[in-house]
Amino acid sequence: TQLLEQSPQFLSIQEGENLTVYCNSSSVFSSLQWYRQEPGEGPVLLVTVVTGGEVKKLKRLTFQFGDARKDSSLHITAAQPGDTGLYLCAGEGDMRFGAGTRLTVKP
Amino acid sequence: DAGVTQSPTHLIKTRGQQVTLRCSPKSGHDTVSWYQQALGQGPQFIFQYYEEEERQRGNFPDRFSGHQFPNYSSELNVNALLLGDSALYLCASSRGGGHPDASAKFFGPGTRLTVL
């Protein structure tokens with residue numbers, strides 16, 4: 001079983017601040033996905049990272065896949081209240097998600 | 001292009017009853033996965049269906065069963081409901097068969113099940 005650990009579990013920041021959340025595993029993944037889930041809705045796919053060391057940008061969100069493909073990070077620049085939600089990671093070939101990071105951005 | 005749809009959106013049952021939840025995958029997707037998400041937690045994998053067969057299963061009892069139809073839609077059945085089965089049940093569709101995008105899952109809005 002590939003275990004995904006996400007940190008921090010909770011994060012509350014002010015609008016305009018930067019933040020980074022992490023997804024770590026002892027296993028190697030062929031690819032890894034990040035999702036965001038808002039209350040009462042299903043998770044929405046944000047990005048898939050495939051290559052070790054890969055960096056992908058989605059507006060103010062920057063995703064990085066570790067060189068060894070065991071970990072990933074999500075960095076948000078100048079966070080906005082609309083970024084509030086549960087951020088989840090999931091590894092390819094594994095049906096399991098991490099427990100998620102619950103982000104609250106206060107106006 | 002319709003995304004993943006689930007029905008019903010909300011459901012209230014009593015302990016011991018049985019429930020059936022339904023899911024229609026995104027167009028072009030042939031694989032359906034079911035998840036249980038308790039309040040404040042991440043989704044927990046129940047099982048996955050591909051080519052009308054259960055391919056993988058999480059740590060859930062046999063009270064949880066499913067089915068996939070030839071049109072790729074799927075049902076989740078839960079028997080002998082317990083209070084602890086109250087949760088948001090999510091369906092996710094993806095492309096199977098080794099497709100490069102196979103791991104990317106598209107989720108429906110979920111069915112909120114309350115067991116009283």
Side-chain angles (χ1 to χ4, degrees), chain A residues 1-12 21-25 27-51 54 56 58 63 65 69 72 84-104, chain B residues 3-7 9-10 21 23-26 29 31-50 54-60 64 66 87-114:
Chain A
T1 299
Q2 298 166 318
L3 182 63
L4 285 163
E5 296 184 354
Q6 292 190 246
S7 61
Q9 186 177 0
F10 298 96
L11 187 57
S12 181
V21 299
Y22 301 91
C23 174
N24 296 296
S25 174
S27 301
V28 175
F29 291 104
S30 300
S31 67
L32 188 143
Q33 291 90 43
W34 283 93
Y35 296 79
R36 180 172 69 209
Q37 184 179 23
E38 298 185 21
E41 300 181 6
V44 175
L45 178 66
L46 296 174
V47 76
T48 299
V49 287
V50 178
T51 306
E54 179 179 9
K56 281 191 174 180
L58 185 65
F63 303 85
F65 202 14
R69 304 204 312 274
S72 181
T84 293
L86 178 66
Y87 288 82
L88 297 159
C89 64
E92 182 273 337
D94 189 353
M95 300 298 107
R96 292 162 179 81
F97 283 76
T101 292
R102 192 165 298 279
L103 171 66
T104 302
Chain B
V4 180
T5 60
Q6 291 187 244
S7 63
T9 55
H10 295 83
L21 310 181
C23 170
S24 291
K26 178 180 169 64
H29 287 185
T31 302
V32 173
S33 304
W34 286 93
Y35 292 82
Q36 179 195 68
Q37 187 175 29
L39 198 61
Q41 299 183 18
Q44 299 295 311
F45 173 64
I46 303 175
F47 42 54
Q48 183 188 67
Y49 277 85
Y50 172 64
E54 182 181 295
R55 298 291 179 168
Q56 295 190 49
R57 189 178 182 92
N59 189 26
F60 278 79
F64 290 77
L88 180 67
Y89 287 84
L90 295 163
C91 167
S93 74
S94 56
R95 290 180 174 179
H99 191 281
D101 293 332
S103 58
K105 303 173 188 65
F106 291 80
F107 284 83
T111 293
R112 173 71 63 187
L113 173 65
T114 301

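Naming convention: chains lettered A, B, ... in sequence-line order (proteins, then strands); numbering from 1 in each chain.
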Can you tell me how far the CH2 atom of B:W34 sits from the CG atom of B:L21, to the nearest 0.5 Å?
5.5 Å
Aromatic rings A:Y35 and B:F107: how do their planes relate, parallel, tilted or perpendicular, breaks at 30° and 60°?
perpendicular
Is A:Q6 close to chain B through its backbone or its side chain, or both, or neither, when contacts mean heavy atoms under 4.5 Å?
neither
List in chain and number order the residues that pass side-chain hydrogen bond (donor to acceptor under 3.5 Å, both in side chains) with A:R36, two or more places apart in sequence or in another chain; answer none if no residue qualifies.
A:Y87
Checking heavy atoms, do the side chain of B:Q37, its backbone, both or neither come under 4.5 Å from chain A?
side chain
Below 4.5 Å from any heavy atom of chain A, which atoms of B:Q48 appear? Answer side chain, backbone, both or neither.
side chain
Identify which part of B:R55 has an atom lying under 4.5 Å from any heavy atom of chain A, answering side chain, backbone, both or neither.
neither
Given 3.5 Å as the limit, does a donor-acceptor pair link the side chain of B:Q56 with the main chain of B:S33, or not?
no
